[in-house]
Amino acid sequence: MARPHSAGELDAVALETALLETWKQENAFRASIDSNGGGAPFIFLEGPPTANGKPGIHHVVARAYKDLVCRWKTMEGFRVERKGGWDTHGLPVEIEVQKRMDLMSNEAIEAYGMDNFNQACRDSVWTYESAWREMTERMAYWVDLDNPYVTLDNNYVESCWWAMKQMFDKGLLYRGHKVLPYCPQTGTSYSSHEVALGYKEVEEPSVYVKFKLIDDDASILAWTTTPWTLPGNVGLAVGPEVTYVRVRITEQAENWIGAGGASDGEEVILAKELMKDVLRHNVEIIEEFPGSSLVGRSYEPLFPDAVPRGESTTAWTVLEADWVTTTDGTGVVHTAVMYGEDDYNLGMAAGLPAYHTVGMDGAFLAGTHPQLDGRYVKECDQTVIELLSAKGGSNGKGPESGLLYREKSYLHDYPHCWRTDHPLLYYAMDSWFVRMTAVKERLLEFNDGVEWAPDWVGEGRFGEWLRNVKDWAISRERYWGTPLPVWRDDEGNMKCIGSIAELQSEVAKAVAAGFENPECPDDVDLHRPVVDGYTLVSDHGKPMHREPFVMDCWFDSGCAPFAQWHHPFEGEETFDASFPVDYICEGVDQTRGWFYTLLAVSTTVFDQPAYKRCLSLGLILDAEGKKMSKSRGNIVDPWDHFNREGADATRWYMVTAGAPWNPLKFDSNGVRETYAKMFLTLWNVYKFHADYAALDGFDPEQSTSDVASRSSLDRWILSRLATTANNYHADFKQWNFHKACRDLEEFIVNDVSNWYVRRSRRRLWDDAETSDKVACQHTLHEILTTVCRLVAPVSPFMVDVIHRNLTGKTVHQAAWPLGIPGSLDGATADEWDEEAAAATANLPPQDVSLEATMALVRELAEVGRRIRVEAGRRQRLPCAQGWIVSGPDMVEFHEILAEELNVESIEVESDLDRFQQIELAPNFRALAPKARSEVNAVAGEIKNAEDPTALLASIQAGTCEILGVAIEEGDVEVRRIEREGFAASTVTIGQGDDAQQISLVLDMNDTPDLLSKGLARDITRRIQAMRKDLNLAIEATIDLEIWTKDAPEMFEQDRQWIVTETRAAAAVFHSESSGAPSNSENFEVDGTTVWFTVQ
RNA sequence: GCGCGGGUAGCUUAGUCGGUUGGAGCACCCGGCUGAUAACCGGGAGGUCGCAGGUUCAAGUCCUGCCUCGCGCACCA
């Protein structure tokens, strides 16, 4: 039973907030899931946000797309559980706390106490939880926030430990070095996004240094912008393919600036290409050779005591490296193993000694050089330059002129600590790695199986990343995070702990072996510093201490598919049934983040992919096209729109503004537009229906109306509805949500509101219960309920209110109009029986030719208005006659057309020549292959034919030849042009061979009858406007008095028409102007002046 | 530097296999319609389709180079 009640004026915000309350009371989210209790599961995985920042509009976008797909799939009959999640570990949290508590270095944190600090982090994580919850609820993102997974929970951490142990046992976890940007002031290394915060352009000394070859009286030149790394030099890298030259100084340079120099006759080696850029002296080339022939040559260390040779056989020799380029420098790269990533990798591969010359405090270690020891490296540039410039250089074995060839100030972007503003040092740190390179093939294979939207992110960006995969540096020298569960003794023996139980048993073993340990209860906090407090025992009886790292917080979120269920300790069935997941959706910036770590963890732990479908969203930009970010301060507050246009409009705007994967320029004005156009229109269509339905006591279940017997207007809009719904669904399946929604909006505004409802208004004014009125009401009911179901996944509020009022049921448990495949036997989210699914669809019949005919009718209506404007004939002055020339049969629409065009009658005329002549246009597609280069000449002849009718006749007869080309019918298009004297216009429908010319001709002659009618209409319109101004009720009557001047005669029937239309109880008509009171309204039309009063 | 994606009217954008007149919406101007609308209809104004070459009878569309914006990666020796 559902008798709609009348709809009020729209207040979107009030509507939405009231509905939220209803949902809460009904537990609508849960109910929508449970309504599909038997449906096949569709597994969604929420990428956990961090709740220590305020949510912005960009978060709303991601959540809108997550919600959209989940709601859509639910309506399709799938069971879509949606567990919320929070990312709670990691550097952003620590930084937030450090800033707030002014603990800007590790020393400060440790002085404050790690336990206190971590407690502060734990608290800080929830700072904006309520803001997130409010935003999430207000925008109607349906996700279970009452039972979320939280990465700091012991259960979650325990699952992460378990995963880590799987990797460890497979030999995929190892300890090594990683060169990281490091700030000696704060004692921390930085991840790349932090480094990006601190790039500054600085001018620094760069130096060209001579490396004196042993057993050869020549030096190799190398360049560096970081002179402080020179004491750590242990190798030189050359490009094997690069051409080098050995040159002899022949003449001193003029105007030498700065330190350095070379003596006449001195010989140096460098890349040939860079000679001009590097050398200031005049030189002669002695020899030319590829880099490969330099490989293996030994040279004198610059600072002989700085680095011990150890067991290295390759120290201070020339090595080859394919990354060496000749874009700058000398084509020879100075290699200080511990202070550059390439240097480190090369050093490890070539067996160079890996010794630090710089301490963690940023000062040179003792023994480097007496003048450098203990000094902060960045202050030693000048000293290093001076030492090298001295006679023989700092090692005393260089040439007379010293080891410095040249210094040059160098302008470049260099990373600085974003907290202290000090330059960062690239510094080799102890680090743990996951051997991703070992599973590269599997990663690529799994990625191939993922359905990416858009596909180029998967194939391109992500595929590229995987093809170049590097081992994952997974440890962080931080405090707040999942601790690395590896214990190690000083001999390098290691144990990886995979559960609390294992930790307890190892602690017990250690205690038994005589190592003191605190209690290790079942609920031991799996965080620092608690876990650091346990000393385990190695198999050799040695004490083992925990490696003092926490894990990259991306590892945490990468574990979400199983850690959210506390797998493998609990929820085994839940996990088995939900892995890999069907759908994830996040911003494209997660490509190297969550998209990657999910796959990385699932591949290394389970040898399986983590997800089957991934929607990668474009970045959200502000109105100026700048990325929205906290640091820029250009984040749009979602509440600005929630409180103005509402969440429906905000969500619809986001989806229609562009493809989900394209960057979205968020334009506040666009939200307003969406509100005015889409939602206001939809509401008014609904209001129109609901008001009359309420008035008439219409109940869709209490009456029936066979579609086949309804008017062509009804059958047309229902067909359009079916077509639109089908396209909508097809676009959804292709992830083209923007196209789907744009088309649907177009349908609602254009077809439903501006044509169907406009043309149907009078049908509902009838007081009698006619079958036509009932048909119209059923049609409106069907349109609205179907549209509601289509809109519901995208904008869930207004359509639910409408749906509830029209059907008594929530739209969020309604079936998808195109079928409910998820509820069919044997369905899975991956594949289902298309035919069986379609059989459950619920849409009215389509009639393609009816749609085409109506499109033509509407076009002709527009054409008619254009004709009037061009002919200067006012809209309300009727025409006696209109002719439709050629075109399909549309007799059933002649009445509509006559009304739209304001003509007395419409007739079909087949004699084209009565109104028109023809014009020929070349059809290039057909003509070009025949005419080739003559095509333009031939086309010209056709276009400019003096007698096109005759030309057409000869073409049709097959006797036409132009410039040697035989012209056939398909080679030309026939267009029709109105003859002089007719007010007419021609439209073309169809394309190519099917193109058809249809003309509308209007009779412009006036008769007394027409003039009378026209005047009556103008007067009526003015009076109606007056009624509206006076705020008269629709049924209120008026007293009317009218005076006219220079008016055509108005017949009695037209006077009567005015009286009826305006609900005049009394009316007096004067055919002169005298007597019109001064306060009367007046207007002039076509030379006639009219005064009137309304009382 | 490499990769990916953009650059179309003042703004937001559509544009399929290359087809000769590049569509919409917002805003603006004129006119009309209105017994639901912040709506609608007709007309007007507004485009070097980022730039330059090339292929072609024909290029917004294909190719090459460049400029520019965004993102990512790498580098910053």
Side-chain angles (χ1 to χ4, degrees), chain A residues 7 9-10 192 199 206 222-226 229 236-237 321 323-325 327-336 339-343 410 412-415 426 454 456-457 459-465 468 587-589 591-592 618-619 621 623 625-627 657-658 661-663 665 667 669-670 672-673 675-677 680-681 683-689 691 739 742 746 749-750 753-755 757-758 761-762 765 861-870 874-876 900 921-929 931-939 992 1021 1024-1025 1027-1028 1034 1061 1063:
Chain A
E9 294 300 317
L10 177 61
S192 57
Y199 269 97
S206 72
W223 179 66
T224 181
T225 57
T226 50
T229 61
L236 292 173
W323 42 262
V324 174
T325 62
T327 49
D328 48 20
T330 64
V332 181
V333 177
H334 140 66
T335 300
Y339 310 109
E341 196 177 349
D342 278 334
D343 304 46
Y410 182 65
H412 65 156
D413 287 329
Y414 193 83
Y426 283 88
W456 51 260
V457 167
E459 287 157 20
R461 181 175 289 210
F462 195 52
E464 191 64 27
W465 167 258
N468 297 316
V588 68
D589 48 332
T591 310
R592 267 81 177 190
L619 252 91
L621 313 173
K626 298 251 164 59
K627 183 178 175 173
W661 42 82
N662 281 340
K665 260 194 197 176
D667 178 14
N669 211 23
R672 181 146 204 88
E673 238 175 75
Y675 171 74
K677 208 173 163 188
L680 205 52
T681 306
W683 183 258
N684 282 311
V685 169
Y686 158 66
K687 184 171 171 349
F688 172 75
H689 171 60
D691 286 353
K739 283 189 183 169
R742 282 171 177 172
E746 183 69 18
V749 171
N750 199 24
S753 176
N754 290 335
W755 191 253
V757 171
R758 185 158 74 81
R761 263 185 234 149
R762 282 176 184 269
W765 295 348
E862 286 177 19
V863 162
R865 294 207 188 100
R866 194 183 311 143
I867 292 171
R868 280 178 177 273
V869 168
E870 282 166 5
R874 65 184 214 272
Q875 198 67 37
R876 290 185 203 85
E900 287 288 323
N923 177 7
F924 281 85
R925 199 189 280 276
L927 215 47
R932 293 166 178 277
S933 59
E934 293 292 335
V935 69
N936 283 327
V938 175
R1021 137 102 180 100
Q1024 301 291 28
R1027 283 185 64 114
K1028 207 171 174 182
I1034 288 173
E1061 287 289 308
R1063 289 188 179 254

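As the structure is a prediction and not an experimental result, all values here were calculated from the model. Below, read A as the first sequence line, B as the second, and so on, with proteins coming before strands; counting in each chain starts at 1. Reckoned from all heavy atoms, side chains included, excluding hydrogens, waters and symmetry mates.
Helical stems of RNA chain B (runs of at least 3 Watson-Crick or G-U pairs, donor-acceptor distances under 3.5 Å) are listed by first residue: B:1-7 with B:67-73, B:10-13 with B:23-26, B:28-32 with B:40-44, B:50-54 with B:62-66.
Atom CD in Glu464(A) sits about 19 Å away from atom P in rC71(B), given to the nearest Å. Computed from coordinates, the Asn684(A) CG to rA38(B) P distance equals 8 Å when rounded to whole Å. For the pair Trp683(A) CH2 and rA36(B) P, the interatomic distance rounds to 17 Å; values are reported in whole Å. In this structure, CZ of Phe688(A) is placed 12 Å from C1' of rU37(B), rounded to the nearest angstrom.
At the heavy-atom level, Asn754(A) lies under 4.0 Å from the strands shown only through sugar-phosphate atoms. As judged by a 4.0 angstrom heavy-atom cut-off over every strand, Arg742(A) is placed among residues touching the sugar-phosphate backbone only. Residue Thr335(A) is out of contact with every strand shown, counting any heavy-atom pair closer than 4.0 Å.
In terms of phosphate contacts, Arg761(A) brings a side-chain nitrogen or oxygen within less than 4.0 Å of OP1 or OP2 of rA36(B). Contact annotation: Lys665(A) reaches the phosphate of rU12(B) (side-chain N/O to OP1 or OP2, under 4.0 Å).
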Q. Between Phe462(A) and Trp465(A), is a ring pair (Phe, Tyr, Trp, His ring centres under 6.0 Å) present by the stated rule, with each step listed?
A. CA-CA 5 Å; Phe462(A) 195 52; Trp465(A) 167 258; 8.1 Å; no
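For rA14(B) and rC76(B), the P atoms lie 40 Å apart once the distance is rounded to whole Å. Remark: the separation of the P atoms in rU68(B) and rC51(B) is 15 Å, to the nearest Å. rC40(B) and rG25(B) are spaced 8 Å apart, taking the P atom of each and rounding to whole Å. If you take atom P in rG10(B) and the same atom in rG1(B), they sit 31 Å apart, rounded to whole Å. A distance of about 15 Å separates the P atoms of rA59(B) and rA52(B), rounded to the whole Å.
The minimum heavy-atom distance linking His334(A) with Asp343(A) is given by the pair O-OD2, 3.4 Å.
Listed candidates were rC75(B), rC4(B), rG25(B). Nearest to the side chain of Glu673(A) is rG25(B). With rA38(B), rC76(B), rG25(B) as the choices, the nucleotide that has an atom nearest any side-chain atom of Tyr426(A) turns out to be rC76(B). With rG25(B), rC41(B), rC26(B) as the candidates, the nucleotide lying closest to the side chain of Asn669(A) is rC26(B).
With Val333(A) as the partner, the side-chain contact (heavy atoms from CB on, under 4.5 Å) test is satisfied by one option alone out of Val324(A), Thr224(A), Asp342(A): Val324(A).
To the nearest 0.5 Å, the span separating OH on Tyr426(A) from OG1 on Thr226(A) amounts to 11.0 Å.
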